[in-house]
Amino acid sequence: MHLKNIPEIIIGLQNADLELREKLISEGKLGEGYNQEMENLHNKNAEVLNEIIDIIGFPTVEKVGNHSAYSAWLVIQHSIGKPEFMKKCAELLEIEVKKKKADPRNLAYLTDRIATFGNKPQLYGTQFDWDNNGELSPNDFDDINKVNQRRKSIGLNTLEEQTEIIRTQAKNENHLPPKDLTQRKTEMEKWKKLVGWIR
C-alpha cells in the first residue's frame, strides 16, 4: 500500500458504503435487520482501514485531509461487526481530540455507538432506534439535562431538536420501522453476542 494513495483508498471505502446504502434504500431493504451484503462490506472496509491505521496511526485531517478523515470516521462508525476495532479507534481518536487534532463530535458519536452496542447508556444521545410507537427515538441515556449539557459543550444541538431532524430524515428516505420490533430486538441481541459486543 503506497502512503500517497491512502487518502483515496479511504474515500473509496466510504463511497462503496454509501453506494450500497443507496441501493438498499431503493430496494426497501434497509429497515429489516442487518443486511448480509452490507455486513460483509462493513467488515471488509474495517479490515482495510485497520491496516491503514497500523501504518499511519489514526487518520486525522492533518494526515489525510478533510474528506478522507471524515470517510475514515464513517467507516469506523459502520464497523459494528468488529467491536475490538471500534474500541481501538475510540481510544486513538480520544488521544487526537485531546491534542485538538480531531473533532470531539466524532468521538461523541463513536463513544455512544460503542455504549449502545454494549447495552450501556449513551452520553450524548447520538444513537437512535425504533421505539414501540414506530418512531425513531434516542437509545438509552443517563439524564436528559446532562446529555444536553454534554451536547452543548461540543457544539451539538439539543437532543429534542436532533430527534425531530432524525425523524424527518427517516420519513424523507422512506425508512420504515421493522414489521416485528420484538423479533428484531431478539435477533439483534443474538447478533451482538455472536460478534462479541455482549457476553
Side chains of residues 87-97: which donor-acceptor pairs under 3.5 Å do they make with residues two or more places apart or in other chains?
residue: K88; atom: NZ; partner: N50; partner atom: OD1; Å: 2.6
residue: K88; atom: NZ; partner: D54; partner atom: OD1; Å: 2.9

Holding to side-chain contact (heavy atoms from CB on, under 4.5 Å), I want the full list of residues that pass it with E161, two or more places apart in sequence or in another chain. N157, T158

Out of curiosity, does V75 fall in the hydrophobic cluster containing I55 (side-chain heavy atoms, cut-off under 4.5 Å, transitive links)? yes

Distance, nearest 0.5 Å, that separates CD of E27 from CD of E22: 11.5 Å

To the nearest 0.5 Å, tell me how far I6 CD1 sits from E51 CD. 10.0 Å

If the threshold is 4.0 Å, N to carboxylate O, is there a salt bridge linking E47 and K44? no

Does any part of the side chain of W191, heavy atoms only, come nearer than 4.5 Å to the side chain of E39, both counted from C-beta? yes

Would you check if there is a donor-acceptor pair between the side chains of N145 and Q149 at a distance under 3.5 Å? no

Heavy-atom check, side chain of K82 versus side chain of N43, under 4.5 Å: yes

On a heavy-atom basis, which atom in M86 and which in I76 lie closest, and how many Å separate them? CE-O, 3.5 Å

Can a donor-acceptor pair be found, under 3.5 Å and without considering hydrogens, that links the side chain of S26 to the backbone of K23? yes

D129 vs M188, test: side-chain contact (heavy atoms from CB on, under 4.5 Å). Steps then yes/no. CA-CA 12 Å; D129 203 354; M188 192 65 170; over 6 Å; no

Does D103 use its side chain to pair, donor to acceptor, with the backbone of R105 at less than 3.5 Å? yes

Taking N148 for its side chain and L159 for its backbone only, find out whether a donor-acceptor pair lies under 3.5 Å. yes

Could you give the distance from CG (L20) to CG (N15), rounded to the nearest 0.5 Å? 12.5 Å

Check whether D131 reaches the backbone of G134 with its side chain - one donor and one acceptor, N or O, closer than 3.5 Å. yes

Between A72 and L49, what is the shortest heavy-atom contact and its length? O-CD2, 3.5 Å

Measure the shortest side-chain to side-chain distance between M38 and L24 over non-hydrogen atoms and say whether it is less than 4.5 angstrom. yes

State plainly whether the residues E173 and R21 are in salt-bridge range, i.e. N to O under 4.0 Å. yes

Tell me, please, which residues at least two apart from Y109 pass ring-ring contact (aromatic ring centres under 6.0 Å, His included). W73

Applying salt bridge (charged side-chain N to carboxylate O under 4.0 Å, His left out) to E19 and not counting sequence neighbours gives none

Hydrophobic clusters here meaning ILVMFWY residues chained together by side-chain heavy-atom distances under 4.5 Å, can you tell me if L13 and V61 are in one? no

Considering all heavy atoms, the nearest I154-P104 contact: CG2-CB, 3.8 Å

Give a yes or no on whether the backbone of F58 and the side-chain of K63 come within a donor-acceptor separation of less than 3.5 Å. yes

Go through the steps for F141 and K146 under the test side-chain contact (heavy atoms from CB on, under 4.5 Å), then give the verdict. CA-CA 9 Å; F141 53 84; K146 286 180 184 169; over 6 Å; no

Side-chain heavy-atom pair I56, V64 within 4.5 angstrom cut-off: yes

Indicate if I53 and I11 have the same hydrophobic cluster label, given that clusters are the connected sets of ILVMFWY residues with side-chain heavy-atom separations under 4.5 angstrom. no

Should we count CG of D140 as having more than 12 external heavy atoms under 6.0 Å? no

Measuring only between side-chain heavy atoms, which start at C-beta, is P7 closer than 4.5 Å to I10? no

Reported OG-to-CG distance for the pair S79 and D17, which is rounded to 0.5 angstrom: 9.0 Å

Just verifying a value: how many Å separate K192 NZ and I80 CD1, rounded to the nearest 0.5 Å? 9.5 Å

Can you name the side-chain contact (heavy atoms from CB on, under 4.5 Å) partners of D112, sequence neighbours left out? Q122, L123, Y124, T126, Q127

Stepwise side-chain contact (heavy atoms from CB on, under 4.5 Å) check, F117 with V195: CA-CA 11 Å; F117 277 100; V195 299; over 6 Å; no

Nearest 0.5 Å please: distance from the NZ atom of K120 over to the CG atom of D142. 14.0 Å

Evaluate the side-chain contact (heavy atoms from CB on, under 4.5 Å) criterion for residues I144 and E160: first the C-alpha distance (whole Å), next the side-chain angles of each, then the deciding distance (0.1 Å), finally the verdict. CA-CA 9 Å; I144 187 68; E160 292 85 351; 3.7 Å; yes

Verify, without hydrogens or angle tests, whether Q77 (side chain) and L110 (backbone) share a donor-acceptor contact under 3.5 angstrom. yes

Show me the pairs that pass side-chain hydrogen bond (donor to acceptor under 3.5 Å, both in side chains) and involve residues 163-172, at least two apart or across chains. S137-R167

Hey, can you tell me if H42 and H78 have their rings parallel, tilted or perpendicular (30° and 60° cut-offs)? tilted

When you compare the side chain of P178 with that of W130, does any pair of heavy atoms fall below 4.5 Å? yes

